[in-house]
Amino acid sequence: QKEVEQNSGPLSVPEGAIASLNCTYSDRVSQSFFWYRQYSGKSPELIMSIYSNGDKEDGRFTAQLNKASQYVSLLIRDSQPSDSATYLCAVSSGGGADGLTFGKGTHLIIQP
Amino acid sequence: GAVVSQHPSWVICKSGTSVKIECRSLDFQATTMFWYRQFPKQSLMLMATSNEGSKATYEQGVEKDKFLINHASLTLSTLTVTSAHPEDSSFYICSAKFSPLGEKLFFGSGTQLSVL
């Protein structure tokens, strides 16, 4: 059974600091990895996608993937109070027609 | 692009009644849509994969006779919760893949179902 593990938090980070969110997955054949942000009562919003080992940067966000360790992370630089949300890690095995497997999410709190 | 519209946003119903939730891809064709359910402080759980023109594929433990899925066109999938009970109260979210952007899922706004 595919599993995606995240620390549920809450993770509290001062405004302006770097927030580091981590995720591990069990299915070695996983090929696509995503980070979604979800505000309370809202549906998830795609933040980052990453498909190959290494780092991928987009603005204040950097996703890191290490397939050998089955580990994916998200760094948020210059954290803002508006970044406070639950961050969901999601994994796909590829093939085009399968849904994503989500972790339970990490609740991030940015303290002003 | 890649907008997925879902409605209603919330619905309150009496136990034993049926509720239909609609999911539309507004600016692209989605041969496959996915239905997720999320309980408070829990992750999204995939319920079923909706395939245009064919039967839905349900995840283990999801009752196909209770959660009816119809994907009659390339832009519309519906989920009907039949004979709803209080334990069916949850946040239901549909999603679709926009193929030019690979494996990324785009989500509808979700439907909060409360069964009294």
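All chains are named by letter (A, B, ...) in the order of the sequence lines, taking the proteins before the strands, and each is independently numbered beginning at 1. The structure displayed is predicted, hence computed values, not measured ones.
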Go through the structure and list residues passing side chain to side chain contact (heavy atoms under 4.5 Å, CB included) with Leu74(B), not counting sequence neighbours. Gln29(B), Thr31(B), Glu52(B)
Shared hydrophobic cluster for Met47(B) and Val19(B) (ILVMFWY, side-chain gaps under 4.5 Å): yes
Single-linkage hydrophobic cluster, 4.5 Å side-chain cutoff, Val4(B) and Leu79(B) together: no
Distance col, row Met45(B):CE vs Lys104(A):NZ, nearest 0.5 angstrom, shows 9.0 Å
Going hydrophobic residue to hydrophobic residue with side-chain gaps under 4.5 angstrom, can you get from Leu65(A) over to Ile47(A)? yes
How many angstroms lie between atom OG of Ser32(A) and atom CG of Leu105(B), to the nearest 0.5 angstrom? 10.0 Å
Pairwise side-chain contact, Leu88(A) with Leu44(B), heavy-atom cut-off 4.5 Å (strictly under): yes
Within 6.0 angstrom of Lys55(B) NZ, more than 12 heavy atoms from elsewhere: no
Please determine whether residues Leu108(A) and Phe61(A) belong to a single hydrophobic cluster, defined as Ile, Leu, Val, Met, Phe, Trp and Tyr linked transitively by side-chain heavy-atom distances below 4.5 Å. yes
Of the backbone (N, CA, C, O) and the side chain (C-beta and beyond), which part of Ile93(B) lies under 4.5 Å from a heavy atom of chain A, both, or neither? side chain
Atom of Ser43(B), atom of Phe102(A) and distance for their closest heavy-atom approach: OG-CB, 3.1 Å
OG1 (Thr101(A)) and CG (Leu46(B)) are apart, to the nearest 0.5 Å, by 7.5 Å
CD on Gln42(B) to OG on Ser8(A), rounded to 0.5 Å: 10.0 Å
Gln6(B) portion near chain A, given a 4.5 angstrom heavy-atom threshold: neither
Report, as yes or no, whether the 6.0 Å neighbourhood of atom NZ on Lys56(A) holds more than 12 heavy atoms from other residues, nucleotides or ligands. yes
Over all atoms of both residues, closest heavy-atom pair of Phe91(B) and Gln38(A): CE2-NE2, 4.2 Å
Decide yes or no for Phe107(B) and Leu46(A): does some side-chain heavy atom of the first lie under 4.5 Å from some side-chain heavy atom of the second? no
Can any side-chain N or O of Ser43(A) pair as donor or acceptor with the backbone N or O of Gly108(B) at less than 3.5 Å? yes
Can you tell me if NZ on Lys67(A) sees more than 12 non-hydrogen neighbours from other groups inside 6.0 Å? yes
